[in-house]
Amino acid sequence: MSQLWSPFVKNLVPYVPGEQPKMTRLVKLNTNENPYGPSPKAVAAMQAELTDDLRLYPDPNGDKLKQSVADYYGVKTSQVFVGNGSDEVLAHAFHGLFQHGKPLLFPDISYSFYPVYCGLYGIEAKQIPLDDEFQIDVDDLINGGENSGIIFPNPNAPTGRLLPLVAIEKLLQHNTQSVVLVDEAYVDFGGESAIALVNKYPNLLVTQTLSKSRSLAGMRVGLAVGHEDLIEALERVKNSFNSYPLDRVTLAGAAAAFDDREYFHETCNKVIASREQVAAGLAALGFDVLPSAANFVFARHPQKDAADIAAALREQGIIVRHFKTERIAQFLRITIGTDEQNQILLDALQSL
Ligand SMILES: *Cc1c(COP(=O)(O)O)cnc(C)c1O
């Protein structure tokens, strides 16, 4: 540890992302990337940006991308915020909306970046246990006490379980004095977006990413939709940190990806169909598989140790995610791949 570090840095506990191995020919099912490429129209739009115009700064507001998002969801552009991946959008929300000197509530099993941001922004974390079926019980959040905000992924990660909009609406009716942030990284794989509720609940903020359903993880694009006042808070934080967040190439590709609805629906539907096949294949091998509305499944085998399975798969060049966390240490999170990759996985598990 360097003596030059501030005490603040010494105490940080950074997030550790899923491994991005440099080896090729792997069946990589560990970080929920899309098995299909981005929209060809998005790729073409990005290629068209590679001109002398790159000498110019990008649009600091990302207006064209905001317009594409606003058109898609039927909201005003002033209700849309865009950033470098939804992780950055979440960071601005923690900084700008959750620092009120009271705890932030989130499920005990959920996205592990939330506690990291609590550490970074000095926010007390209060974890609310999922029920025995690994579901979020909104009554437990409602009864969670005074808070600076509530955040959870829907569908939840890494469980894949979906909360219906009526449950989210019940939470919003009871929790009116702080922001409820619904992290919809996986909503396009079978959920219903809470963006439908933003005009009714001024304390609802919904974040999404283009990393999963729109297959642009390598470009880093995320967004938030909510009441104009919430969006303004995010803009104030962003413009105090970096006024040109998204680059020209990314802005063009992201807008084109949003505009190409046909390709988007086609690839999401393929992933959903494959997920049902993988879930059935795992169940046939004796796994308990939680119902998933995401592009991954969360499964455990009643007799085989999850860490052992993950290690044995790795020897065969198949990488899945295993969390050593309490309550879920016997589960594997398996990203849905191409049908060919999924078959390789199921065959390998069969032979184990
Ligand atoms: C993947 C993921 C994100 C972050 O996505 P970005 O690539 O940063 O846009 C946010 N929340 C959850 C729950 C995720 O799984």
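Residues: numbered from 1 along the sequence shown. We count ligands from 1, going down the list as the structure has it; atoms in each ligand are counted the same way. Worth knowing before you read on, the calculation uses all heavy atoms, side chains too, and leaves out hydrogens, waters and symmetry mates.
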Exercise for the section: For atom 11 (N) of ligand 1, find the nearest protein heavy atom and state the residue, atom name and distance (0.1 Å precision). Expected result: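 Here the nearest protein heavy atom works out to Asp183 OD2, 2.8 Å.
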Exercise for the section: Distance to 0.1 Å, residue and atom name: give those for the protein heavy atom nearest to atom 5 (O) of ligand 1. Expected result: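 Checked against all protein heavy atoms, atom 5 (O) of ligand 1 sits closest to Ser86 OG, 3.2 Å.
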Exercise for the section: May I ask you to list the atoms of ligand 1 that are less than 4.0 angstrom from any heavy atom of Thr209? Expected result: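 Ligand 1 atoms under the 4.0 Å threshold to Thr209: 5 (O), 6 (P), 7 (O), 9 (O).
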Problem - For Gly85, atoms of ligand 1 separated by under 4.0 Å from a heavy atom - result: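 In order of number, 8 (O), 9 (O).
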Handout entry: Nitrogen or oxygen atoms of Ser211 and ligand 1 under 3.5 Å apart
Key =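 N/O-N/O distance below 3.5 Å exists for this pair.
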Problem - Cation-aromatic face contact Lys270/Tyr36, 6.0 Å, 45 degrees - result: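 Judged by the rule (NZ or CZ under 6.0 Å from the ring centre, within 45° of its axis), Lys270 counts as positioned above Tyr36.
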Handout entry: Aromatic Tyr72 / basic Arg214 pairing, under 6.0 angstrom, 45° off normal
Key =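 Output yes; distance and angle both within limits.
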Practice task
Using modelled atom types only, decide if a donor and an acceptor are shared between the side chain of Asp260 and the backbone of Pro40 within a distance under 3.5 Å.
Solution key: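 Not at all, since once roles are kept as given, no pair shorter than 3.5 Å links the two residues.
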Problem - From Phe296, Phe298, Phe287, residue fulfilling ring-ring contact (aromatic ring centres under 6.0 Å, His included) relative to Phe331 - result: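 One option only clears the test, and that one is Phe298.
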Problem - Per-residue contact class, Lys212 against ligand 1 - non-hydrogen pairs under 4.0 Å - result: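 For Lys212, the contact with ligand 1 is made by the side chain alone.
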Handout entry: Any Arg220 heavy atom less than 4.0 Å to ligand 1
Key =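 Yes; Arg220 lies near enough to ligand 1 that a heavy-atom distance drops under 4.0 Å.
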Exercise for the section: Would you check whether Tyr186 reaches within less than 4.0 Å of ligand 1, judged by its heavy atoms? Expected result: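 Within the 4.0 Å threshold, so yes.
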